[in-house]
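This one's a predicted model, so the numbers in the text were calculated from it and none came from an experiment. Every heavy atom of this structure was used, including side-chain atoms; hydrogens, water molecules and symmetry mates were not. Ligands are counted one by one from 1 in listed order, and the atoms in each one are counted from 1 as well.
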Amino acid sequence: MDEIIKEMERYAEANNVPIIESDSIDFIKKYIKLNDVKKILEIGTAIGYSAIQMATASDDVEITTIERDEKNYREAVKNVNACGLDRRIEIVFNDALDVNLAGFKYDLIFIDAAKGQYIKFFEKFENYLTPSGIIITDNLKFHGLVENKDSIESKNVLGIVNKIEKYIEFLNENEEFTTKFYDIGDGISVSFRKNDANVKNID
Ligand code: SAH
Ligand code: MG
């Protein structure tokens, strides 16, 4: 298992797949353990790296993860099978905005797909959260560019950074959810319902 994870890290590096940073995945794994998380929904599988890592946090964890890119999807299926985790990680090959998860509820939703669509993902998938569930979002610093907008030359990149800023504003102004931001890895946020009385073991 450790060897497969290392191999995935090498593959990600060689193929420019933006897998989660180690501090961020450690934070999420700790949250899973301390808060007895059982059902996880991930938006953006890539090659299955973060899903496999989350599954190793506890044997009780079951993950549904969504990926729209066929090459990444195939690589993820291969990696999940190699780890013997295919009974606990279900990979859905589709655009997350087209997926229908009727009836399912998740304790943790991890948003890590197209950064320009974060508000859409949040608004769709908050409906799949258990009452005391949380939504974690990755890459809120977008490789440090959110704090260094002046250095951005590409229009596309500036567009994404502007959308991340809008998402942060959306979270700060959200009437149903409270969000805490953490300067960990590439920047992550934790959102939970304002009326949720359950204590969250986060830090
Ligand atoms: N969570 C992974 C990294 C995901 S990278 C890890 O940390 O290991 C982002 C992935 O989201 C890419 O593979 C991309 O193809 C996928 N993606 C982007 N927009 C998507 C969408 N709308 N639906 C499904 N997958 C999407
Ligand atoms: Mg990420």
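- Every atom of ligand 1 is numbered from 1 in the order shown, and the set under 4.0 Å from a heavy atom of Phe121 is 22 (N).
- Heavy-atom proximity to Ala46, at under 4.0 Å, picks out these atoms of ligand 1: 2 (C), 3 (C), 4 (C), 5 (S), 13 (O).
- Interface atoms of ligand 1 facing Asp69, defined by a heavy-atom separation under 4.0 Å, are 15 (O).
- Of all protein heavy atoms, the one lying nearest to atom 23 (N) of ligand 1 is Ala96 N, 2.8 Å.
- For Phe170 and Phe122, the gap between ring centers is short of 6.0 Å.
- Neither the backbone nor the side chain of Asp138 has a heavy atom within less than 4.0 Å of ligand 1.
- The Ala114 neighbourhood of ligand 1 comprises atoms 18 (C), 19 (N), with distances under 4.0 Å to a heavy atom of that residue.
- In summary, the atoms of ligand 1 found under 4.0 Å from a heavy atom of Ile19, numbered by their order in the structure, are 6 (C), 7 (O), 8 (O).
- Phe142 approaches Val157 most closely through the heavy-atom pair CE2-CG1, 4.2 Å.
- Side-chain atoms of Ser58 come within 3.5 Å of backbone atoms of Asp60 as a donor-acceptor pair (strictly under, hydrogens ignored).
- The single protein non-hydrogen atom nearest to atom 7 (O) of ligand 1 is Ile20 N, 2.9 Å, given as residue, atom name and distance.
- For ligand 1, the polar-atom distance check against Gly48 finds no nitrogen or oxygen pair separated by under 3.5 Å.
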Working for side-chain contact (heavy atoms from CB on, under 4.5 Å), residues Lys29 and Thr56: CA-CA 8 Å; Lys29 285 165 85 170; Thr56 66; 3.4 Å; yes

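- For a threshold of 3.5 Å applied to N or O pairs, the pair formed by Phe110 and ligand 1 contains no separation below that value.
- Within the structure, ligand 1 has Glu42 among the residues with a heavy atom less than 4.0 angstrom away.
- Within the 4.5 Å cutoff, the side chain of Lys141 has no heavy atoms near those of the Ile164 side chain.
- Distance check: Ile20 CD1 to Asp26 CG gives 9.0 Å after rounding to the nearest 0.5 Å.
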Derivation and outcome, ring-ring contact (aromatic ring centres under 6.0 Å, His included), residues Tyr73 and Phe93: CA-CA 7 Å; Tyr73 166 75; Phe93 176 43; 4.8 Å; yes

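- Atom 22 (N) of ligand 1 has Asp95 OD1, 3.1 Å as its closest protein atom, hydrogens excluded (heavy atom only).
- Counting only heavy atoms from C-beta outward, the side chains of Val190 and Thr179 never approach each other to under 4.5 Å.
- Although no hydrogens or angles enter the test, the distance criterion places a donor-acceptor pair under 3.5 Å between the side chain of Asn127 and the main chain of Lys124.
- The number of heavy-atom neighbours closer than 6.0 Å to CZ of Arg10, taken from other residues, nucleotides and ligands shown, is above 12.
- Note: an N/O pair closer than 3.5 Å links Arg68 and ligand 1 by distance alone.
- The single protein non-hydrogen atom nearest to atom 9 (C) of ligand 1 is Asp112 O, 3.2 Å, given as residue, atom name and distance.
- Taking every heavy atom of Ala113 and a limit of under 4.0 angstrom, the matching atoms of ligand 1 come to 11 (O), 17 (N), 18 (C), 19 (N), 20 (C), 26 (C).
- Only the backbone of Thr45 comes within 4.0 Å of ligand 1, judged by heavy-atom distances.
- Under the 4.0 angstrom criterion for non-hydrogen atoms, Leu97 is not in contact with ligand 1.
- The aromatic ring centroids of Phe177 and Phe192 lie 6.0 Å or more from each other.
- Residue-level check: among N/O/S atoms of Asp138, OD2 sits closest to the Mg ion (ligand 2).
- Using a 4.0 Å cut-off between charged nitrogen and carboxylate oxygen, Lys39 and Glu62 count as a salt-bridge pair.
- Ligand-side atoms of ligand 1 in range of Gln117: 22 (N), range being under 4.0 angstrom from any heavy atom.
- Here Asp186 does not reach the Mg ion (ligand 2): none of its N/O/S atoms is less than 2.8 Å from the metal.
- Summarising the geometry of Lys166 relative to Ile119, their closest heavy-atom pair is O-CD1, 4.0 Å, with the distance given to 0.1 Å.
- Although no hydrogens or angles enter the test, the distance criterion places no donor-acceptor pair under 3.5 Å between the side chain of Asn94 and the main chain of Ala96.
- Distance check for Asn139 against the Mg ion (ligand 2): an N/O/S atom falls below 2.8 Å.
- For the Mg ion (ligand 2), the set of nearby N, O or S atoms under 2.8 Å includes one belonging to Asp112.
- The shortest contact between atom 6 (C) of ligand 1 and any protein heavy atom is with Ser50 OG, 3.0 Å.
- For Val99, the heavy-atom gap to ligand 1 stays at 4.0 angstrom or more.
- Of the possible donor and acceptor atoms, one in the side chain of Thr45 sits under 3.5 Å from a partner among the backbone N and O of Ile66.
- The nearest heavy-atom contact from the protein to atom 10 (C) of ligand 1 is Glu67 OE1, 3.6 Å.
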